Asks: 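Okay, here's the structure, questions in a sec.
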Protein chains: 2
Amino acid sequence: MPEVTTSNSGVGPDSTGVSDAGLDGVHEAVRHICPLNEVLDRVSGKWAIGVLTLTGAEEVVRFTEFERGIPGISRRMLTLTLRNLERDGLLTRTVYATVPPRTEYRLTEAAQELAQTLSLLTDWAKRHQAHVQASRVAYDETH
Amino acid sequence: MPEVTTSNSGVGPDSTGVSDAGLDGVHEAVRHICPLNEVLDRVSGKWAIGVLTLTGAEEVVRFTEFERGIPGISRRMLTLTLRNLERDGLLTRTVYATVPPRTEYRLTEAAQELAQTLSLLTDWAKRHQAHVQASRVAYDETH
DNA sequence: CTGAATCCGCCGTGATACTG
DNA sequence: CAGTATCACGGCGGATTCAG
């Protein structure tokens, strides 16, 4: 992805190529109103959060430690997640040309701030997850 | 979605049915470690944030106002987003049986707190988006 | 040990048309 | 006005295999 449409790691096709280019304009306007989308695009996906929090807790993490620390993740997705985070300047990747090879990952300062903010979101989740679950059950019963 | 697998609005098949059921256990462990995933699942998708912030700013919003206020959204996606948010107890939906029909949406208290926390994330995004973009450009050049 | 490359299934998303 | 129903597409995510 060398060009503009770098964000939107989500599922959407990002303006399906439909009609004229006007849609990109308004879409950009939405993004301007809400940079939150960019953060969430970055942090979305099943694994990014796990990587971030794990790295935040451990300071320095190696590839294999991620695999053990995030149960269920595949090599492929771990690599992709790591690369995306590195590309966004949230992780630094240091490779030691030893045998066997060794790679270390750390959070950048920006990512550390992000992790702190995310912890506030976690607080919200903890405080309201019961309410949310109850809402879901109630909703599913009546629909 | 009447049953258990309600969360995980993301793309993943949620433990592909591979081998034994042990994977669900560890996966559940991951969720326990990080309830953040649930919040993000709830807020992910291209439109949920827009709906949330718009409703936060307007107090009361009608269906058509969403369509006008969130450029590019389709009726279908607006409906789905609204329903999900309502199901999670973040939005209330009030239908007036008038002609023409009229439906009002408001944030619940929980969602208002969430919106505040999300604004902190927005702050982070604003403070670091330049850095992130620069990182991306640099990364794309060298790879 | 740390990845890269390939194949494939699933589901989110959008377009379009229909309804009360 | 406020949705619902149906179809099609594209990409994420996973499994597996190969490489340095």
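What you see is a predicted model; the values in this text were computed from it and never measured. Quick note on labels: first sequence line is chain A, next is B, and so on, each numbered from 1.
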Asks: Can you name the side chain to side chain contact (heavy atoms under 4.5 Å, CB included) partners of A/S119, sequence neighbours left out?
Replies: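 If we apply the side chain to side chain contact (heavy atoms under 4.5 Å, CB included) test to A/S119, skipping adjacent residues, there are no hits.
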
Asks: Let me know the distance between CZ of A/R76 and P of C/dG9, rounded to the nearest Å.
Replies: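 The answer, rounded to whole Å, is 15 Å.
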
Asks: Where each residue is assigned the nucleotide of DNA chain D containing its nearest heavy atom, which of A/L80 and A/P101 is assigned the position nearer the 5′ end?
Replies: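 So the residue in question is A/L80.
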
Asks: Can we say B/E113 and A/R127 salt-bridge, meaning some charged N sits less than 4.0 Å from an Asp/Glu carboxylate O?
Replies: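 Yes, B/E113 and A/R127 are salt-bridged.
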
Asks: Which residues pass the side chain to side chain donor-acceptor pair (under 3.5 Å) test with B/E109, not counting sequence neighbours?
Replies: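 If we apply the side chain to side chain donor-acceptor pair (under 3.5 Å) test to B/E109, skipping adjacent residues, there are no hits.
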
Asks: Heavy-atom contacts under 4.0 Å between residues 54-66 of chain B and DNA chain D, which residues?
Replies: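 Those residues are B/R62, B/F63, B/T64.
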
Asks: Which of the following nucleotides, C/dG3, D/dA5, D/dA15, is nearest to the side chain of A/T79?
Replies: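 That would be C/dG3.
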
Asks: How long is the line joining NZ of B/K46 and P of C/dG12, in whole Å?
Replies: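 Whole-Å distance recorded here is 14 Å.
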
Asks: List the atom pairs, with distances to 0.1 Å, where a side-chain N or O of residues 57-76 of chain B and a protein N or O form a donor-acceptor pair under 3.5 Å, not counting sequence neighbours.
Replies:
residue : atom : partner : partner atom : Å
B/E65   : OE1  : B/R62   : N            : 2.7
B/S74   : OG   : B/M77   : N            : 3.2

Asks: How would you label the contact of A/Y105 with the nucleic acid (heavy atoms, under 4.0 Å): base, sugar-phosphate, or nothing?
Replies: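 Touches sugar-phosphate only.
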
Asks: Measure from CG on B/L78 to C1' on C/dG12 and round the result to the nearest Å.
Replies: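 It works out to 16 Å between those atoms.
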
Asks: Looking at A/D140 and B/R87, is any side-chain nitrogen of the basic one under 4.0 Å from a carboxylate oxygen of the acidic one?
Replies: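 Judged by the 4.0 Å cut-off on N to carboxylate O distance, B/R87 and A/D140 do form a salt bridge.
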
Asks: Quantified as the angle between the terminal helix axes (five pairs each), what is the overall bend of the helix from C/dC1-D/dG20 to C/dG20-D/dC1 to 10 degrees?
Replies: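 The two end axes of the helix from C/dC1-D/dG20 to C/dG20-D/dC1 meet at 40°.
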
Asks: Calculate the interatomic distance between A/N84 atom CG and D/dC12 atom C1'; express it in whole Å.
Replies: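 One finds 11 Å between C1' of D/dC12 and CG of A/N84, rounded.
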
Asks: Using the ring of each side chain (for Trp, its six-membered ring), is B/H128 parallel, tilted or perpendicular to B/W124, with breaks at 30° and 60°?
Replies: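 Geometry flag for B/W124 against B/H128: tilted rings.
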
Asks: For A/L120, which fellow cluster members are found when Ile, Leu, Val, Met, Phe, Trp and Tyr are connected by side-chain heavy-atom distances below 4.5 angstrom, either directly or through intermediates?
Replies: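 When side chains under 4.5 Å apart are linked, the cluster holding A/L120 also contains B/L120.
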
Asks: Measuring from the side chain of A/R75 (C-beta onward, heavy atoms only), which nucleotide among C/dT13, C/dG3, D/dG3 has the closest atom?
Replies: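 The listed nucleotide nearest to A/R75's side chain is C/dG3.
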
